[in-house]
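Quick notes on the structure that follows.
All values below come from the heavy atoms of this structure, side chains included, with hydrogens, waters and symmetry mates left out. Owing to the predicted nature of the structure, the values given are computational and were not obtained by experimental measurement.
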Amino acid sequence: MLRIYNTLTQEKDVFKPIKPRTVGMYVCGPTVYNYIHIGNARSIVAFDTIRRYFEYCGYQVNYISNFTDVDDKLINEAKAENTTVNELADKYIEAYKEDVKALNVEPATMNPRATDNIDGIIDFVKSLIDQGYAYEVDGDVYYRARKYDDYGHLAHQSIDDLESGASQHVSDDELAKKEDPIDFVLWKAAKPGEISWQSPWGEGRPGWHIECSVMSTKYLGDTIDIHGGGEDLKFPHHENERAQSEAKTGHKFVNYWMHNGFVTVGDDNEKMSKSLGNFVTVHDIVKEVDPQVVRFLMSTTQYRRPIQYNQANLKAAENNLNKLKNAFNNLNYRLSDAGDVDDIKLEQEIRQIQADFQDAMDDDFNAQNGIDAVYELAKLGNLYAERPEVGAGTVKLIIDKLVKMSSVFGVILKEEKLDDSEVEGLIEERNQARKNKDFARSDEIRDQLKELGIILEDTAQGTRFRRE
């Protein structure tokens with residue numbers, strides 16, 4: 001029975017989809033004014049892993065993740081780069097797609113853009129005004145937060161505490177326009193030279209929160225199964241989405257609110273963010289680190305826990321990922337001489353490991369315990385592959401379960417075949433390691449090649465190789 005920690009209830013609630021065997025997920029996407037950083041990737045990978053587990057369990061997932069392609073950050077960056085907001089957004093949307101592909105993130109069912117939904121946003125705002133939930137002042141439109149009785153429930157704070165915090169972050173001009181400091185903007189009047197659209201309140205553009213309400217209800221309905229995003233979006237973004245959506249539709253907006261933990265850096269575990277200037281972009285990191293290793297580090301950490309991004313954790317992720325790849329290669333190698341007699345008792349152990357994996361993932365997607373079950377299967381596979389005689393059916397069963405369970409974490413297990421030039425390159429690296437007396441690396445390369453069916457022969461004339 002799958003249970004999900006629901007931010008709204010602060011409990012692990014049993015998952016009951018609106019439609020049988022179907023999941024509607026909306027995950028807040030990036031504001032496309034720059035390359036995504038590792039902190040952004042944390043959310044992207046976390047919810048891709050959750051999606052993959054639903055698919056592993058046989059669900060059809062309608063996965064919507066938006067692009068915020070108009071706001072103050074895009075306007076300012078477009079001016080700095082001497083380009084238009086649309087051209088800037090196009091540039092970084094393409095960069096985003098390249099980066100998430102490198103991390104083996106499944107394409108979303110749809111990536112709607114805010115600028116493609118202006119008419120829907122205007123209609124949504126008009127409805128809130130008509131119902132008395134919103135008001136217009138000098139071309140700006142604000143939402144009356146206090147009119148929504150449950151405001152603050154998602155953030156688990158009183159509205160008075162939220163008002164006190166809001167009043168400290170609002171300019172005097174904006175404060176003078178609002179009926180209440182806690183009210184938030186739905187539509188912003190355009191400043192001279194800014195990108196804008198015609199509306200009943202004059203030239204302007206949407207506020208940040210309104211776009212996600214419009215796009216999620218448009219593509220997934222008035223009530224959706226899961227809404228996800230980073231922990232920092234809980235308030236004000238998701239709180240405001242919830243308030244305006246339920247006011248407009250009269251229906252519960254989201255059944256399960258999910259929020260992932262941060263990525264931290266440095267000895268003091270400081271949160272990674274663009275505003276703090278301590279971020280590393282995915283665009284840069286994948287030039288130096290295998291993207292699969294970055295993905296593995298993030299996907300094998302339970303989504304609500306923080307991740308400390310450092311070289312030690314990357315190295316540990318690389319070592320663990322290689323264990324899975326080596327087990328897969330060992331098992332595939334043994335298929336060449338496998339017999340017809342399978343190990344029924346061992347196959348029962350395999351199925352128990354699979355059950356342990358599913359029990360772990362059913363507990364709010366507990367990736368740490370889930371990947372431990374995969375490691376246990378890899379260990380079992382290695383021991384079986386070392387037996388003098390193995391059964392083809394048992395080997396194939398281990399491979400099948402290893403591939404399917406690993407794929408939940410975005411791991412790609414496939415037979416690796418080196419061409420002669422790649423083999424010779426590794427032999428040259430091994431020779432250099434031996435000259436440097438780095439015998440550990442020398443042995444590692446020999447073992448790596450052996451697993452791929454390459455046998456090395458050290459002779460007086462140099463190292464030769466042959467394929468098994």
Expected output: side-chain Glu174 to main-chain Val185 donor-acceptor under 3.5 Å:
no
Scanning both residues in full, the closest heavy-atom pair of Asn66 with Pro30 reads O-CD, 3.7 Å
Q. Under 3.5 Å, is there a donor-acceptor pair linking the side chains of Asn62 and Thr109?
A. no
query = Has the side chain of Ser216 got a donor or acceptor atom that lies under 3.5 Å from a matching backbone atom of Ser213?
reply = yes
### Query
Short question: side chain of Glu239, backbone of Ala155 - any donor-acceptor pair under 3.5 Å?
yes
Looking at Lys396, is its backbone amide N or carbonyl O close enough to the side chain of Asp400 to form a donor-acceptor pair, meaning the two atoms are under 3.5 Å apart? no
CD1 of Ile195 to CG of Asp69, rounded to nearest 0.5 Å, is 8.0 Å
Practice problem: Consider only side-chain N and O atoms of Asp356 and Gln352, and report whether a donor and an acceptor are under 3.5 Å apart. | Solution: yes
Exactly one of Lys188, Lys177, Arg205, Lys178 clears salt bridge (Lys or Arg N to Asp or Glu O under 4.0 Å) with Asp140, and that residue is Lys177
- Hey, what's the ring geometry for His237 with Trp208, parallel, tilted or perpendicular (30° and 60° as the breaks)? parallel
Using 4.0 Å as the upper bound for N to carboxylate O, is an ion pair formed by Glu98 and Lys101? no
### Query
Taking the six-membered ring for Trp, are His238 and His259 parallel (under 30°), tilted (30 to 60°) or perpendicular (over 60°)?
tilted
Flag for Tyr148-Glu246: side-chain donor and acceptor within less than 3.5 Å
yes
Problem - Residues Arg146, Arg144; criterion side chain to side chain contact (heavy atoms under 4.5 Å, CB included); working and verdict - result: CA-CA 6 Å; Arg146 286 186 189 274; Arg144 290 187 173 100; over 6 Å; no
Rounded to the nearest 0.5 Å, the CG atom of Asp183 sits from the CG atom of Asn240 at a distance of 10.0 Å
| Under 3.5 Å, side chain of Thr31 to main-chain N/O of Thr68, donor-acceptor pair present? | no
Decide ring pair (Phe, Tyr, Trp, His ring centres under 6.0 Å) for Phe357 and Tyr56; before the verdict, give the C-alpha distance in whole Å, the side-chain angles of both, and the deciding distance to 0.1 Å.
-> CA-CA 12 Å; Phe357 167 76; Tyr56 170 92; 5.4 Å; yes
CG (Leu74) and CD (Glu81) are apart, to the nearest 0.5 Å, by 10.0 Å
Would you please say whether a donor-acceptor pair under 3.5 Å links the side chains of Tyr53 and Asp362? yes
- Task: Could you verify whether a donor N or O on one side chain and an acceptor N or O on the other, from Asp364 and Gln302, lie under 3.5 Å apart?
- Result: yes
Does atom CG of Asp149 have more than 12 heavy-atom neighbours from other groups under 6.0 Å away?
no
d(His153 NE2, Ile159 CD1) to nearest 0.5 Å is 13.5 Å
Donor-acceptor under 3.5 Å (Tyr135 side chain, Glu179 main chain): yes
**Request:** Verify, without hydrogens or angle tests, whether Asn313 (side chain) and Gln308 (backbone) share a donor-acceptor contact under 3.5 angstrom.
**Result:** yes
- Face-on cation placement of Lys248 at Phe124 ring, 6.0 Å and 45° thresholds: yes
Nearest heavy-atom approach of Ile38 to Met298 is CG2-CE, 2.9 Å
Closest heavy-atom pair, Asp225 versus Gly24, reported as atoms and distance to 0.1 Å, is OD2-N, 2.9 Å
Q.
With a 3.5 Å distance limit and no angle check, can you tell me whether Arg295 reaches the backbone of Asp290 through a side-chain donor-acceptor pair?
A. no
> Does Ser43 use its side chain to pair, donor to acceptor, with the backbone of Ala41 at less than 3.5 Å?
Replying inline: no
Is the Phe15 ring parallel, tilted or perpendicular to the Tyr256 ring (thresholds 30°, 60°)? tilted
| said: Counting C-beta onward and ignoring hydrogens, is there a side-chain heavy-atom pair between Arg52 and Asn104 closer than 4.5 Å? | reply: yes
Whether Ser199 side chain and Gly202 backbone form a donor-acceptor pair below 3.5 Å
yes
